[in-house]
Amino acid sequence: MSRRAGARQIAEAAALADVGAVLCLIAQVFPIAGGLALAACFPFAVVGLRHRLRTIGIALAAGAVIAFVLGGTSTVTATVAAAAVGGLVGVSIRRRWSQPTLLALTVPVLALPAGAAALVGLAALPGLREVAFKTTRSTWTGAARLLTGAGLGTPADAATAVLDWSIRNWPIAVPLLVVVAVVLGVWLVRASMGHALVAALRVLPRGGSALDTVIDSGAPPGPVPVAVRDVRVRFGEHTALQIDRFDLAPGELVSVTGRNGAGKSTLARVVAGVPPTAGTVVRPGPAGLGAPGGTAIVFQRPESQVLGVRVADDLWFGRIPGPGTDVDGLLARVGLAGMQERETVALSGGSCSGWRSPPRWHGSRRC
């Protein structure tokens, strides 16, 4: 089984990371929307709920990059914190850890490393440290005046004394504050979002798409001819596909029609290389999903799978440009001759004037 993260996992991690980074940016630009910093943990929690640790790392890296582009280092810090907290909470839901177990693991796994990183960062950057302390003191001074005016002078004075001590003894206070903040943040995210994540665990498939289960043996692809015999595919108690015989020869074009839920997409996945629950799929070699000479699959919304700017870019995707692919010839076969330099998003179904098929055509024919 391939141990690499699949393209769908990477795309999902990056998309959810973008959402988290944007929420962190909004929370910083509009302090009144500070609660969005907590909500930013949810997209990363979904990644942790559905995928392994490496995919959480991909989401964290993608979120940090987009956060830096959008808002600079402060947004990066907030996004990384949201990714770490949300990812850990998502893993805890997936592995069904209790709240005490989660908090006990948070201290060595997340809180202590975060406290050490904060200590090292402030020690290595004295200028940044001074600015941070002055900003904190100035912000609290304004808040303390408001509290004093509201008749809460004694608590305000006590908090001011604690702040002064913390700034003087920052090597002790800062790591301790970070540890407490991380543990409190994890508890708050789990308490506020736990029910939604548990519900998502029941609805969303874990581990990404079934296409991620395609075995990559490293051998040269040999996807056709393929013979499907007595194949059954089940999702839990539901039978998604039951087919006794299906054959596909090299050079054949086959159209499969049927009502919604009949198993058309599931059959396409089996042909693409996803192992069935029962039955046999015989072919000369590995399916080679996504590899040159192997299988490829385009889903019902191909517009969401555009990978390049130009038409030629999409045809070259996954291959080294060279004489091995006749781009002009391929486009001519589907009525798109001369459009290799056009933007892919500018094409439409009507562009394929030379390619027409009946709406309910069955069977196969030689291409």
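Heavy-atom basis, side chains included; hydrogens, waters and symmetry copies ignored. The model shown is predicted, which means the values in this text are computed figures rather than measured ones. Sequence positions, counted from 1, serve as the residue numbers for this chain.
- The OG1 atom of Thr280 sits 6.5 Å away from atom CG of Asp230, with the distance rounded to the nearest 0.5 Å.
- Leu38 and Val186 fall within a single hydrophobic cluster, where Ile, Leu, Val, Met, Phe, Trp and Tyr side chains are chained together by heavy-atom contacts under 4.5 Å.
- Looking only at distances, no side-chain donor or acceptor of Thr148 sits under 3.5 Å from a matching main-chain atom of Gly153.
- The two residues Thr55 and Val47 come nearest to each other via the heavy atoms O-CG1, 3.9 Å.
- Of all non-hydrogen atoms in Pro43 and Val19, the two that sit nearest each other are CG-CG1, 3.8 Å.
- The line from CG of Leu253 to CG of Leu248 is 9.5 Å long, rounded to the nearest 0.5 Å.
- Here CZ of Arg95 is found 12.0 Å from CG of Leu49. Values are rounded to the nearest 0.5 Å.
- The shortest non-hydrogen separation linking Pro126 to Ala123 is CD-O, 4.1 Å.
- In this structure, Val271 and Phe246 have side chains that are in contact, with non-hydrogen atoms separated by less than 4.5 Å.
- The two atoms that bring Thr79 and Ala64 nearest to each other are CG2-N, 4.3 Å, heavy atoms only.
- Cluster annotation: Phe42 is connected to Leu188 through the hydrophobic network of ILVMFWY side chains, with a link wherever side-chain heavy atoms come within less than 4.5 Å.
- Looking only at atom types and distance, the side chain of Thr239 has no donor-acceptor partner in the side chain of Arg232 under 3.5 Å away.
- Ala59 and Ala13 get closest at one heavy-atom pair: CB-O, 3.8 Å.
- Salt bridge annotation for Asp164-Arg137: present, with a cationic side-chain nitrogen under 4.0 angstrom from a carboxylate oxygen.
- With Arg229 contributing its side chain and Gly279 its backbone, the two residues share no donor-acceptor pair below 3.5 Å.
- Using a distance-only test at 3.5 Å, with no hydrogens or angles considered, no donor-acceptor pair links the side chain of Gln28 to the main chain of Leu25.
- Looking only at distances, no side-chain donor or acceptor of Lys264 sits under 3.5 Å from a matching main-chain atom of Val256.
- For Ser98 and Thr101, the side-chain atoms include at least one donor-acceptor pair closer than 3.5 Å.
- Here the side chain of Gln99 pairs no donor or acceptor atom with the backbone of Arg190 at under 3.5 angstrom.
- When all heavy atoms of Val178 and Gly115 are compared, the closest pair comes out as CG1-N, 3.6 Å.
- Looking at Arg94 and His51, their side chains never come closer than 4.5 Å, going by heavy atoms from C-beta outward.
- The closest side-chain heavy-atom distance from Arg245 to Asp247 is below 4.5 Å.
- Atom CG of Leu184 sits about 11.5 Å away from atom OG1 of Thr106, to the nearest 0.5 Å.
- No donor-acceptor pair closer than 3.5 Å links the side chain of Arg283 to the backbone N or O of Pro225.
- Looking at Lys134, its side chain never comes within 3.5 Å of a backbone N or O of Arg129 through a donor-acceptor pair.
- Other residues, nucleotides and ligands place more than 12 heavy atoms under 6.0 Å from the CH2 atom of Trp170.
- Contact annotation: the side chain of Val107 never approaches that of Leu103 to less than 4.5 Å [non-hydrogen atoms, C-beta and beyond].
- Within the 4.5 Å cutoff, side-chain heavy atoms of Thr257 are placed close to those of Ser255.
- Side-chain contact check for Trp140 versus Leu147: some heavy-atom pair is nearer than 4.5 Å.
- A distance-only check finds a donor-acceptor pair linking the side chain of Thr136 to the backbone of Ala132 [under 3.5 Å].
- For the atom pair Leu241 CG and Arg234 CZ, the distance stands at 12.0 Å (nearest 0.5 Å).
- Of the inter-residue distances, the one linking Leu88 atom CG with Ile56 atom CD1 reads 8.0 Å to the nearest 0.5 angstrom.
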CA sep, side-chain torsions, deciding dist, call: Leu119, Val174, side-chain contact (heavy atoms from CB on, under 4.5 Å): CA-CA 7 Å; Leu119 178 62; Val174 168; 5.7 Å; no
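- In Phe68, the CZ atom is not crowded: 12 or fewer heavy atoms of neighbouring residues, nucleotides or ligands sit closer than 6.0 Å.
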